[in-house]
Amino acid sequence: MPDQKREAHPLGPPPEEQHWVDTAAELAREFAGTAAAYDESTLVPRENLEMLHASGLDAALLPKRLGGQGLSYRSYGEIVRLVSAGCPATACIWVMHIGAGVGLAEMSEPEVGRFYADELIAGRRFANALSEPTGGNLFLLPQQHAQPAPGGFRLSGSKRFTSGCEIADHFLVNVLVDGVPTFFGVEAGESIRYLPIGDTMGMRANGSRLVEFSGTLLREDRRCPPPSGPRPNHIGSGIAFLSLGIADAAVAALVAHARGRTIPTTGEPLSAMQWLRFDLATVHSQLEAAAMYARHMSWLADQNDPGFNSATLRAKVLSNQVAIDAAQLALKAGGGSGFLSTSPIQRILRDAYAGWVMAYSVEVCRDSIGDELFGSS
Ligand SMILES: Cc1cc2nc3c(=O)[nH]c(=O)nc-3n(C[C@H](O)[C@H](O)[C@H](O)COP(=O)(O)OP(=O)(O)OC[C@H]3O[C@@H](n4cnc5c(N)ncnc54)[C@H](O)[C@@H]3O)c2cc1C
């Protein structure tokens, strides 16, 4: 008898890590039950984030030398996608938390890196305070200067759209030191205030605020040394999967609605309409293609291949677009029902636009890809 067991896909999660993906799938099902309520209240889904931590996923993403399991980027991407399909705001804060926490553990001097790894394992929360009000897309090219001070530098200025800032214990911050962009780990404290920036249209529970630093000490020993070479990261690799999860949710909502809705003139379900069958087939094929490319990007990250950065741009463009296309089609299929606040479709459509805005925006990604192809003008 030939072995009927399906081989793991080479670009998918390694078989020995599948149980982590299964854990995320289970949690995501639970998160889906409260996503609408969090969207309405705009409260940060702290409970969901604590469940992710309690499952061991936060720690598993740390490298083995820092007490983690060195979970692959391939598994991480699938996990983000599943969580995002359940509750995009939870997934967004989690991507930023893992990006800052694992990032600080890996980028800091060894002893400080160990400290941050232990903090992540202990359940402390991390956030990225990178985007500035004057140009959020330039989040790796800050315009704010840190002033030399005893013990390090002082920062007075603001960062905008910091997901999950009010529950954060630590921030990853970047500033100019002698004109050079430099990362620091900064502890939450009295010199940091959180100012409302108004409710967001989508991902309403992601807790974005204006984070105001007033003479905050950036400790010299918490300064990250310059990178020694290209290094993948969990923000760049995670954002495409946030959008893929939203696209999955859109397709699921569309299918559920179209199967249950009867068209009175034909007496058939909406799912029998050829226009919808064709459009869904097209959008789903685009989703499969975007997902396959995002998996390729994760595979490059696992190889620490320098092509990773360029692949993140393409993965982001493809996945942000398909999330919006799938959500728009779901709204079309949903008709009046999908337009109601009681329908998941309207929330999914609002959430779908967030990926497009998040740095690098699709326009910025396209511009960089254009530079690659034409050479910068
Ligand atoms: C849900 C959500 C969560 C976020 N979480 C975080 C977080 O945790 N931490 C954090 O630091 N930031 C976070 N952000 C911030 C996010 O990265 C910025 O909002 C984003 O970069 C947009 O910045 P901006 O408002 O300054 O837009 P701008 O940069 O002003 O962009 C305005 C328009 O100009 C276009 N544009 C800008 N520059 C160029 C260019 N060079 N070429 C072509 N077009 C260009 C853009 O595409 C856009 O259409 C989050 C944002 C969202 C929506």
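Indexing begins at 1, ligand by ligand and atom by atom, following the structure's order. This structure is a prediction, so every number in the text was calculated from the model and none was measured.
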Q: Check the side chains of Gln321 and Trp356 for a donor-acceptor pair under 3.5 angstrom, ignoring hydrogens and angles.
A: no

Q: Heavy atom to atom 49 (O) of ligand 1, shortest distance: which of Arg366, Arg209, Glu363 holds it?
A: Glu363

Q: Answer yes if a protein heavy atom lies under 4.0 Å from atom 33 (C) of ligand 1, otherwise answer no.
A: no

Q: Between Ser208 and ligand 1, is there a nitrogen or oxygen pair with a distance under 3.5 Å?
A: no

Q: Give me the nearest non-hydrogen protein atom to atom 20 (C) of ligand 1 as residue plus atom name, then the distance to 0.1 Å.
A: Val357 O, 3.4 Å

Q: Near Arg160, which atoms of ligand 1 are under 4.0 Å from a heavy atom of that residue?
A: 12 (N), 24 (P), 25 (O), 26 (O)

Q: Under 4.0 angstrom from ligand 1, any heavy atom of Met358?
A: yes

Q: Tell me, do Val95 and Tyr76 make a side-chain contact under 4.5 Å, heavy atoms counted?
A: yes

Q: Would you indicate whether Arg261, at its atom CZ, is surrounded by more than 12 heavy atoms from other residues, nucleotides or ligands within a distance under 6.0 Å?
A: no

Q: Quick one: closest heavy-atom pair of Ala89 and Asn206, and the distance?
A: CB-N, 3.9 Å

Q: What protein heavy atom lies closest to atom 26 (O) of ligand 1? Include the residue and the distance to one decimal.
A: Gly136 N, 2.6 Å

Q: Would you mind checking which non-hydrogen protein atom is closest to atom 5 (N) of ligand 1, with the distance to 0.1 Å?
A: Ser163 OG, 2.7 Å

Q: Is it the side chain, the backbone, both or neither of Asn206 that has a heavy atom closer than 4.0 Å to ligand 1?
A: side chain

Q: If you look only at pairs with a residue in residues 314-324, which of them pass as a salt bridge (charged side-chain N to carboxylate O under 4.0 Å, His left out), with sequence neighbours excluded?
A: Arg314-Glu372

Q: Give the minimum heavy-atom separation between Leu217 and Gly152, together with the two atoms involved.
A: CD1-N, 4.4 Å

Q: Does ligand 1 come near enough to Phe161 that some N or O of the ligand is less than 3.5 Å from an N or O of the residue?
A: yes

Q: Short list, please: which atoms of ligand 1 are under 4.0 Å from a heavy atom of Asn128?
A: 7 (C), 8 (O), 9 (N), 10 (C), 11 (O)

Q: How far apart are the closest heavy atoms of Leu104 and Phe171, and which atoms are they?
A: CD1-O, 4.0 Å

Q: On the 0 to 90° scale, with breaks at 30° and 60°, tag the Phe126-Tyr116 ring pair as parallel, tilted or perpendicular.
A: perpendicular

Q: Can you list the atoms of ligand 1 that are under 4.0 Å from a heavy atom of Gly135?
A: 26 (O)

Q: Compare all side-chain heavy atoms of Glu17 with those of Gln69 and state whether any distance is below 4.5 angstrom.
A: no

Q: Donor-acceptor pair, Ser156 side chain versus Gly215 backbone, under 3.5 Å?
A: yes

Q: Could you tell me which atoms of ligand 1, counted from 1 in the order shown, lie closer than 4.0 angstrom to a heavy atom of Leu130?
A: 11 (O)

Q: Taking everything shown except Glu26 itself, do over 12 heavy atoms lie less than 6.0 Å from its CD?
A: no

Q: Does the protein place a non-hydrogen atom closer than 4.0 angstrom to atom 7 (C) of ligand 1?
A: yes

Q: Among all protein heavy atoms in this structure, tell me which lies nearest to atom 27 (O) of ligand 1, with the distance rounded to 0.1 Å.
A: Asn137 ND2, 3.8 Å

Q: Within a distance of under 4.0 Å, is there any protein heavy atom near atom 38 (N) of ligand 1?
A: yes

Q: Ala359 heavy atoms, cut-off 4.0 Å: which ligand 1 atoms fall inside?
A: 16 (C), 17 (O), 20 (C), 21 (O)

Q: Considering only heavy atoms, does Ser361 approach ligand 1 within less than 4.0 Å through its side chain, its backbone, both, or neither?
A: side chain

Q: Out of curiosity, Leu210 CG to Ser131 OG, how far, rounded to the nearest 0.5 Å?
A: 11.5 Å

Q: When you measure from atom 30 (O) of ligand 1 to the protein, is at least one non-hydrogen atom found at a distance under 4.0 Å?
A: no

Q: Show every side chain to side chain donor-acceptor pair (under 3.5 Å) that has at least one partner inside residues 27-55, sequence neighbours left out.
A: Asp39-Arg350, Arg46-Glu50, Asn48-Thr90

Q: Looking at ligand 1, does any of its N/O atoms fall within less than 3.5 Å of an N/O of Ser131?
A: yes

Q: Could you tell me the residue and atom name of the protein heavy atom closest to atom 45 (C) of ligand 1, and the distance to it rounded to 0.1 Å?
A: Val364 CG2, 3.6 Å

